[in-house]
Amino acid sequence: QVQLVESGGGLVQAGESLRLSCVASESGFSIRAMGWYRQAPGKQRELVASITSPGTTVYADSVKGRFTISRDNAKNTVTLQMNSLKPEDTAVYYCKAVSALYVSYWGQGTQVTVSS
């Protein structure tokens with residue numbers, strides 16, 4: 001069973017930065033795409049950013065210009081650099097990986113809290 005292990009969440013003030021990382025625990029796991037989603041209290045889970053194996057990226061409009069997603073295919077890791085954080089970025093952030101067979105896997109989530 002593939003596990004996604006996330007790290008890097010925490011409490012910061014508005015304007016500061018955080019870096020989230022996610023690694024797939026199983027070596028040789030062929031990943032088609034990886035991404036980050038978030039879910040704030042009372043809201044639906046939403047896409048933050050995603051990146052395919054060739055490197056094509058997609059960002060939510062609300063984070064464009066502030067967040068950067070990157071991945072290391074050899075290490076099955078994905079990183080989300082979050083700059084200029086805002087209180088509305090407060091949420092639980094989840095890592096997602098889609099395998100070559102289009103099976104989705106989710107991490108356990110990491111809390112990001114941005115105070116004003």
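We're numbering straight along the sequence, starting at 1.
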Of all the heavy-atom pairs spanning [X] and [Y], show the shortest one and how long it is.
| X | Y | answer |
| --- | --- | --- |
| Cys95 | Leu4 | O-CD1, 3.7 Å |
| Ile31 | Ala24 | CD1-CB, 4.1 Å |
| Ser116 | Pro87 | CB-CG, 3.8 Å |
| Ser104 | Lys96 | OG-CE, 3.3 Å |
| Cys22 | Met34 | SG-CE, 4.2 Å |
| Val114 | Gln13 | CG1-C, 3.9 Å |

Can you list every salt bridge (charged side-chain N to carboxylate O under 4.0 Å, His left out) pair that touches [range], not counting sequence neighbours?
| range | value |
| --- | --- |
| residues 44-58 | Arg38-Glu46 |
| residues 49-63 | Asp61-Lys64 |
| residues 107-116 | none |

side-chain hydrogen bond (donor to acceptor under 3.5 Å, both in side chains) involving [X] - partner list, sequence neighbours excluded:
| X | result |
| --- | --- |
| Asn83 | Ser17, Gln81 |
| Lys75 | none |
| Gln111 | Thr113 |
| Ser115 | none |

Pairs involving residues 54-98, ordered by first then second residue, that meet ring pair (Phe, Tyr, Trp, His ring centres under 6.0 Å) (sequence neighbours left out):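 Output for this query is empty, none listed.
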
Within residues 36-55 or reaching into it, pairs that qualify as ring pair (Phe, Tyr, Trp, His ring centres under 6.0 Å) - sequence neighbours excluded: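 Matches after skipping sequence neighbours: Tyr37-Trp106.
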
Path from Val92 to Val12 over hydrophobic side-chain contacts below 4.5 Å: no

How many angstroms lie between [atom1] in [X] and [atom2] in [Y], if you round to the nearest 0.5 Å?
| X | Y | atom1 | atom2 | value |
| --- | --- | --- | --- | --- |
| Arg71 | Ile51 | CZ | CD1 | 6.5 Å |
| Ile69 | Leu80 | CD1 | CG | 6.0 Å |
| Lys43 | Glu88 | NZ | CD | 8.5 Å |

4.5 Å side-chain heavy-atom contact, Val58 and Leu47: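 Yes - at least one pair of side-chain heavy atoms lies under 4.5 Å apart.
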
Any side-chain heavy-atom pair of Met82 and Val112 under 4.5 Å: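 They are in side-chain contact.
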
Salt bridge (charged side-chain N to carboxylate O under 4.0 Å, His left out) partners for Arg32, two or more places apart: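 If we apply the salt bridge (charged side-chain N to carboxylate O under 4.0 Å, His left out) test to Arg32, skipping adjacent residues, there are no hits.
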
Check: Gly109 main-chain N/O paired with Glu6 side-chain donor or acceptor under 3.5 Å: yes

Partners passing side-chain contact (heavy atoms from CB on, under 4.5 Å) against Ser70 (at least two apart in sequence or in another chain): Thr79

Residues Leu20, Thr110; criterion side chain to side chain contact (heavy atoms under 4.5 Å, CB included); working and verdict: CA-CA 9 Å; Leu20 303 182; Thr110 185; 4.1 Å; yes

Side chain to side chain contact (heavy atoms under 4.5 Å, CB included) between Leu18 and Leu85, intermediate numbers included: CA-CA 8 Å; Leu18 277 176; Leu85 283 162; 4.0 Å; yes

Members sharing Val5's hydrophobic cluster (side chains within less than 4.5 Å): Val23

